[in-house]
Every structure is written in structure tokens, then in C-alpha cells.
Asker: 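Take a look at the following structure, please.
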Amino acid sequence: MTNLIVGLGDGLPAARHFATAADRTIVEANGIDDVLGTIKDAADGSLIVSGGSALTSRDLCRFARAASAVATPMGFIAGWHAGDALRHARKMLGYNWMAGRDVLYWSLTDLPGLVPGRFAGTELLRSDGSDLLRQLSEPRHATALASHGNGIDFLLKGSFLCSMLDDDLPAEAPFRPCGHGSGPCVHSKNVNGRLVEPSRYRPSEIAADVIILATCHGMLARGSLCDSARSLGAALIRSRWAGALITTYTDVQGENWQPLVALGMLQAGHRLGDICTELNRLTQGSDGDTPWLLFGDPTLTFAARRQEPRLPAGAPSAVRLQPGMNLLQLPSAEPTLVTVEAAGTGQASRVGFQQVPGAGTLVAVHYADQPVDLRLTAEAAERSVSFDSLRSVRSTVEQLAFTRSVLDKAAKEPATAELVADGSLRSLVSTSLSQHIEHVTYSSSYELASALSSAGGLSPGELLERENWVRLNSALALFLAAYQQRDSPTTCFGTPRGTVLPAESECPYCGMVVAQRESRDAGSGLVRRVGWCSGCAFLGNTSSAVDAITIEGPGAVRAGDRREYTLVFDGPPVTGWSVVHACLRMQRTPWAATGEGPLGEVIVQRGEPLAPLKLLIRVRPDVPVGVHYLVAAIAAQGDLWICRRPLFVEAPAD
């Protein structure tokens, strides 16, 4: 087995230093293709990549997929800022690993069946624990965390880890408003006209040898929306802790099984590189992507290696569970019900199970200080039908059913209930709108589309129907614009994440990899499409009837400017819509400086492509300098779409 280290660009000095000190074979690469070839050839060994400051998220994506394809354990030396790569290499070589084996697990969302408590050196925390920071700052062998993040912060139930607190770098690279003198924390709350910042903590306060950070964009690369040297991952690498860091370079599915698997493999004696490889294999099976990277030495292991038991289908199997996390192999990736029998009393109730979505892996958590012998039976579980398979495929009905579900959700949430209350939003979005949606039928939609494509004029009834659609769409576009001001545009639809489509494209804004995912909405049966960029993050949430939407226009504007942008729709000729409305807004911010644009309208005849739609927006003069988002709220024949692009706001002209 050959353990290699690859040096590229300004990461080469760090690679040479590590290779000499650790007696590794060095490969001096001339470019990305050289690194990819080395990954392929190193299938029987391990690999460390020191790519320096030039590595982009596109490069990391290609490396992760190549290593996953040949199951090569791979680690990285992080070096996106001058001197970081050599410092990280020295840290990896001289890190003082703790003798203890205590581990901690915390997730923003409680995992069903996971009982909080401390046992056998394993601490499982409640999501709403009141003493979280103190527990995170206690020195441990491993800490695994799962929550929302954007690369520079990480939500901790009402407070945040913030990379800016560990930052002493020059403020030259792109950053959010909070990275500049003119902008407060983007998570501030507007309380009676005064911005109140949340509690924020330093990433360096997480005291653990191995840190598993399950969050979107845990490590930012060159070409990302914000300065890569300022990411959470970079802050952890520069801290005195994190001898090894396992995190993501792009968005990651919002589930919390990944860190459980990682802890289970760590306690079972797997190498760090194998843990990251397995996380990518499982994520690829359930989500179609490979977002996980190890920043550290992939050859390291910290416990005696033990094999995972394999459960046969439908037959009892004797299994000895160790205290803490245990991994078991199931007969298949189908949903499985595990029956537990135990000699004696009370032991079975101290074991919790979590199946990895889309994989034949089961995490068994043994809540005890001593091993236990159990008899486990794995049987296929009945599939629950998430939507009516007999639902009509008529697109307009599905679109309106989806829209109604969004309105219902908004009506139940205190922060958005006023948007759908009678008389609110200048009476455009009201109870009458909800009633209107209920009465729009597929037949009238079809008649309208047919009439618009005919050479003759519209009948009075068809003119009235078109006017109803125009009023409906314009109201929905304004509702959606107001809704995304109160809720993140990536979550306000609540659609399932879905599977990655095979075709990928280049981001029109940053040039990185764009992946699209399709999923079927459980309530309406409508197929939704979500686009994500490894550099810009969320780009759009539409129905599958359109391939992509681009907001064309300047990427940088001055505060106070009024600018024109064009929505360009990429997709086949329309079949189910006739009216499209859209407007532009700035991303939701705590300060009253969102800017507004008027509503745009286009009427599309059946069988024609969606024409480009020109929209205006005024950026208010008090918008803080930094990276913001420009969001288009779109209503397309009763359906709701959102698309988004980054926008750098510069200081107003003198």
C-alpha cells in the first residue's frame, strides 16, 4: 500500500514538508488532471492533496467524485490564505492527540429514538440544551455537530458559531455585509427599530481532536461567494484543536445521520479517510452527490478495528453491541424494521436505531457502559405512500395544489400569517385569493391556452378567465416576494431534496458546478426542480417544466442605483401556462434596506417558449456594502418559482 501526498501550485512547499517529515511519497502535480490521475492510480493506498489557494469548489467536486469512484481514502491540507498550508501541514504532523475516547453528538433537530445522556464516554445532547457552549468547549476526542450553515456561520439553537470572531485577515475578498464596517451581523433581529445581534461564539471554542461538521459549505474554496480563508472550516483548522476535520465543500442534505455514522466508524477503528469515503458513498446512494472532505491524514485510526455484523433477512441474528455507536449491515437499502430480543430485562430498551436513508446501514446506539448480547431480526417495513398515485397528471391542477399548500403553511406560521389574512398585502393576497385557487379548474386553463394560441379573438368568457389569471398571478408574485423577505428562499417551499440529475452545468455567475435535483411534492404530486451551485449555493426552486432560470445583469451595483435585469427561461415550449408575473427583491436582511422593483408581466401562447422578462430594481442607498442576493419571485400560471443570484453592493458614489 502506497501513501502519497500530492503538491500543486502554492501548496507544493507544504506537501514537500509533510512528505519529508512523515516519510510519504510525493507527487508534484502540474495541474488538476495530474491530481485526478494520481487519485485513480492510488486506489490501493491513500492520498493527501495540498492544492494551495487556487483550488476551487469545482476542483474539490472533481476530486471527491474521483476518490469516491475508486474508494481511495483522501485527505487535504487546507491553504487558501498565505502561509495556511504550511501551518496546517505542521499541525497535522505535531498534533497532540488526547488519550481519552470521549465523543459528543449534537444536532439542531432531535433524532427520533435518540435518548440524550452520557454513557461510556459518549454524550448525546438535546437540541435545545441550555449549556451547549460549555459542553462543546470541554476537551474531547471527537465532536459531531449537525445544523444549518452558510460557510461562515453555524446555527446553535438561537446563537451562532461565527468565523468572523476568529478572523484577523485583511478585508479585501468578497464577504457578506457583516464582514465590512458598514454592516452588522446578518442574523440580527430588528427590535423596535434597533438591531439586536444574537449570541455568537468562536469556532475555536469547539475543543475536540476530530470535528465532524455536518453543515452546508463547511469549508469554502476559491470561487465561493465569501472569502475562502474566512470559512468555518478554515477557522477550525487555524485553531489549536481539530487535528482532523470532516466537513463539506458544498450543500449537504439536512439530515443528521451522517455524523452518527462517522462516530460509529471512528469508534469501530476505521481510518479517517475510510470514514469520509463511506460518508460520500452513502450520500451518493441517497442523494447522488459526494460533498464530504477530510482535512487531515486519511491513514489515522484511533481504536481497535472491529467488523460490523451483517443481519440476514427475516431471521434472528446474534449480535454483540459495544457501548456507544455500532454500525450494522442490513439485507438491503429498503426501509427495514428491526425486532430486538434480549436475555434478561431492560437491556433492549437501552438501544436506539437509525437507518441511513437509501442505504443498508443501521446505526445502533447502545446506552450502557458494558457490551450487550442481543438477537436482532431485520424485516422489510411496509412502504408508506406519500402521495396519491392515482392523482391526475394535469399540470395546472398540481401547480395550484402546490401553491395552496404554500399558502396554508404561511397561514399557520406567526411570522407570515398576516400575508394570507383577509385585507393584508393591500388586499391582493387574502382569503378570496385562496378561494379563487380552489375554483380554477383544469378545463378553464386548457380553454384559455387554446384560445391564446388560436387566430381568432377571445370570447367574453375567455377574456374574463384571462383577467382572473392575471390577477391571480400578480397577487401570487407579490405574496411570494413578501414571503421570501420573512423566510429563507431555500426553505419557504419545503419541497423534498430529491435526487441529482445526471446533467450538470456551469454557474452563470461564478463558473462553478451547478447540480439540479428533482423531487415530487408529497401533497400535490408536482415535480419540483431545485438548483444549487457549489460556489453561490441555492440558485432556484421551480417546477420541472422549466430547466433553469437565469437573472442576467450586472453582478455589482452601487447602493442607491436603479438597475435593469432580465429573467431568461431555459426550457421547452410551454404547455400548461399562459400568464407569468415576476418581481425582484433583495435577500431578506435585518436592516430596512431591501429595495424594490415593479411587477413584470408576460403572456405566453401555447407552444411557444417563455420569452425573456425585463425587471427593474432600486437598491436603496442605505444597503450595507458586501455580498447580498437578488431574488426573483415568479408566479407562472398559478405556480410559485424562486430564483436567486449573488449581488455585490458597493458603497454609494460620492
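Computation of the quantities below employed the complete heavy-atom set of this structure, encompassing side-chain atoms and omitting hydrogens, waters and symmetry-equivalent molecules.
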Asker: Do side-chain atoms of Gln267 reach the backbone of Met325 as a donor and acceptor pair under 3.5 angstrom?
Answerer: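 Checked: pair present.
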Asker: Got a donor-acceptor contact below 3.5 angstrom from the Thr361 side chain to the Val356 backbone?
Answerer: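 Side chain of Thr361 to backbone of Val356: no pair is present.
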Asker: Kindly determine whether Leu220 and Cys226 satisfy side-chain contact (heavy atoms from CB on, under 4.5 Å), including the steps that lead there.
Answerer: CA-CA 8 Å; Leu220 298 176; Cys226 296; 3.9 Å; yes
Asker: Are Met219 and Thr248 side-chain neighbours, meaning at least one heavy-atom pair lies under 4.5 Å?
Answerer: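 They are not in side-chain contact.
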Asker: Out of curiosity, Lys91 NZ to Leu86 CG, how far, rounded to the nearest 0.5 Å?
Answerer: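 Going from NZ on Lys91 over to CG on Leu86, the span is 14.0 Å.
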Asker: For Arg176, enumerate each residue passing the salt bridge (Lys or Arg N to Asp or Glu O under 4.0 Å) test, keeping only those at least two apart in sequence or located in another chain.
Answerer: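 With sequence neighbours excluded, Arg176 shows a salt bridge (Lys or Arg N to Asp or Glu O under 4.0 Å) to no residue whatsoever.
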Asker: Would you call Leu60 and Leu55 a side-chain contact if the rule is heavy atoms closer than 4.5 Å?
Answerer: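 Result yes, sub-4.5 Å side-chain heavy-atom pair found.
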Asker: Is a donor on one side and an acceptor on the other found under 3.5 Å between the side chain of His148 and the backbone of Leu155?
Answerer: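 Not at all, since once roles are kept as given, no pair shorter than 3.5 Å links the two residues.
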Asker: Heavy atoms, side chains only, cut-off 4.5 Å: are Pro371 and Pro323 in contact?
Answerer: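 With C-beta onward as the side chain, the pair touches.
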Asker: Hey, could you give me the CD1/OG1 distance between Ile275 and Thr301, rounded to the nearest 0.5 Å?
Answerer: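 One finds 7.5 Å between CD1 of Ile275 and OG1 of Thr301.
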Asker: Test your reading of the model: is there a side-chain donor-acceptor pair from Asn326 to the backbone of Gly324, 3.5 Å cut-off?
Answerer: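 Yes, Asn326 side chain to Gly324 backbone: donor-acceptor pair under 3.5 Å.
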Asker: Tell me, do Leu300 and Arg271 make a side-chain contact under 4.5 Å, heavy atoms counted?
Answerer: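 Of all side-chain heavy-atom pairs linking Arg271 with Leu300, none is under 4.5 Å.
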Asker: Please round to the nearest 0.5 Å and tell me the distance separating atom CG of Asn280 and atom CG of Leu293.
Answerer: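 Reported value, rounded in 0.5 Å steps: 7.0 Å.
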Asker: Check step by step if side-chain contact (heavy atoms from CB on, under 4.5 Å) holds for Leu111 and Trp257.
Answerer: CA-CA 8 Å; Leu111 199 61; Trp257 57 263; 5.9 Å; no
Asker: Give me each pair satisfying ring pair (Phe, Tyr, Trp, His ring centres under 6.0 Å) with a member in residues 263-304, each pair once, sequence neighbours excluded.
Answerer: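 Qualifying pairs: Phe76-Phe295, Trp97-Phe302, His141-Phe302.
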Asker: Determine the minimum heavy-atom distance between Ile39 and Ala66, stating which atoms define it.
Answerer: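 What the structure gives for the nearest pair is CG2-C, 3.8 Å.
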Asker: Within this structure, what is the CD1-CG distance for the pair Ile26 and Leu12, rounded to the nearest 0.5 Å?
Answerer: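 Nearest 0.5 Å value for the CD1-CG distance: 5.5 Å.
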Asker: Is a side-chain donor or acceptor of Asp110 paired with a backbone partner of Ser127 at a separation under 3.5 angstrom?
Answerer: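 Checked: pair present.
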Asker: If we ignore hydrogens and angles and just use 3.5 Å, is the side chain of Ser147 paired with the main-chain N or O of Leu108 as donor and acceptor?
Answerer: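 Checking the backbone N and O of Leu108 against the side chain of Ser147, no donor-acceptor pair under 3.5 Å is found.
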Asker: Is the CG atom of Asp128 crowded by more than 12 outside heavy atoms at less than 6.0 Å?
Answerer: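 Count over threshold, so yes.
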Asker: So which heavy atom on Gly269 is nearest to which on Arg305, and how close?
Answerer: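 Distance-wise, the nearest heavy atoms are O-CD, 3.5 Å.
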Asker: Is it the case that the side chain of Thr56 and the backbone of Arg222 share a donor-acceptor pair, with hydrogens and angles ignored and the cut-off at 3.5 Å?
Answerer: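 It does not hold such a pair.
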Asker: For the pair Val363 and Leu327, evaluate side-chain contact (heavy atoms from CB on, under 4.5 Å) and give the outcome as yes or no after the intermediate values.
Answerer: CA-CA 5 Å; Val363 182; Leu327 300 185; 3.8 Å; yes
Asker: Please report the shortest heavy-atom distance between Thr336 and Ser332, naming the atom on each side.
Answerer: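 In this case the closest contact between Thr336 and Ser332 is OG1-O, 4.3 Å.
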Asker: With a cut-off of 6.0 Å (strictly less than), are more than 12 heavy atoms of other residues, nucleotides or ligands near CZ of Arg118?
Answerer: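 Result for CZ/Arg118: enclosed.
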Asker: Which pair of non-hydrogen atoms, one from Cys536 and one from Tyr509, has the smallest distance, and what is that distance?
Answerer: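 Smallest heavy-atom distance, with atoms named: SG-CB, 4.1 Å.
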Asker: When you measure from the side chain of Thr20 to the backbone N and O of His17, does any donor-acceptor pair fall under 3.5 Å?
Answerer: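 A pair under 3.5 Å: no.
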Asker: Measure across Trp532 and Val530 and return the closest heavy-atom pair with its distance rounded to 0.1 Å.
Answerer: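 Closest approach of Trp532 to Val530, heavy atoms only: NE1-CG1, 3.2 Å.
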Asker: If you define the side chain from C-beta out and look only at heavy atoms, does anything of Ser68 sit under 4.5 Å from Thr277?
Answerer: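 No, too far: nothing below the 4.5 Å cut-off.
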Asker: Answer yes or no: is there a donor N or O on one side and an acceptor on the other, between the side chain of Lys40 and the main chain of Ala69, under 3.5 Å?
Answerer: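 No, the answer is negative, given that no donor and acceptor are paired below the 3.5 Å cut-off.
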Asker: With the threshold set at 4.0 Å, does a side-chain nitrogen-carboxylate oxygen contact exist between Arg517 and Asp251?
Answerer: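 A salt bridge links Arg517 with Asp251.
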Asker: With a 4.5 Å limit on heavy-atom distance, are the side chains of Trp241 and Leu236 in contact?
Answerer: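 Contact flag for Trp241/Leu236 side chains = no.
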Asker: Would you check if Ile212 and Tyr105 make a side-chain contact, meaning some heavy-atom pair closer than 4.5 Å?
Answerer: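 A side-chain contact under 4.5 Å is absent here.
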Asker: Distance check, rounded to the nearest 0.5 Å: Ser231 atom OG versus Ile152 atom CD1?
Answerer: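 Reported value, rounded in 0.5 Å steps: 10.0 Å.
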Asker: Got a second to check how far Arg202's CZ is from Met164's CE, nearest 0.5 Å?
Answerer: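 Here the interatomic distance stands at 11.0 Å.
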Asker: Using the side-chain contact (heavy atoms from CB on, under 4.5 Å) rule, take Leu376 and Leu328 through it: C-alpha gap first, then chi angles, then the decisive distance, then the call.
Answerer: CA-CA 10 Å; Leu376 305 180; Leu328 294 85; 3.5 Å; yes
Asker: Backbone N or O of Asp153 within a donor-acceptor pair of the Asn150 side chain at under 3.5 Å?
Answerer: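 It does hold such a pair.
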Asker: Looking at every non-hydrogen atom in both residues, tell me the closest pair between Gly75 and Pro298 and how far apart they are.
Answerer: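 Closest approach of Gly75 to Pro298: N-CG, 3.9 Å.
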Asker: Which residue pairs pass the salt bridge (Lys or Arg N to Asp or Glu O under 4.0 Å) test when at least one of the two sits in residues 53-74, sequence neighbours left out?
Answerer: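 For residues 53-74, and leaving out neighbouring residues, the salt bridge (Lys or Arg N to Asp or Glu O under 4.0 Å) pairs sorted by first residue read Asp33-Arg62, Arg58-Glu506, Arg65-Asp289, Arg65-Glu504.
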Asker: Given side chains that start at C-beta, do those of Thr377 and Pro316 come closer than 4.5 Å, heavy atoms only?
Answerer: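 Thr377 vs Pro316: side chains touch.
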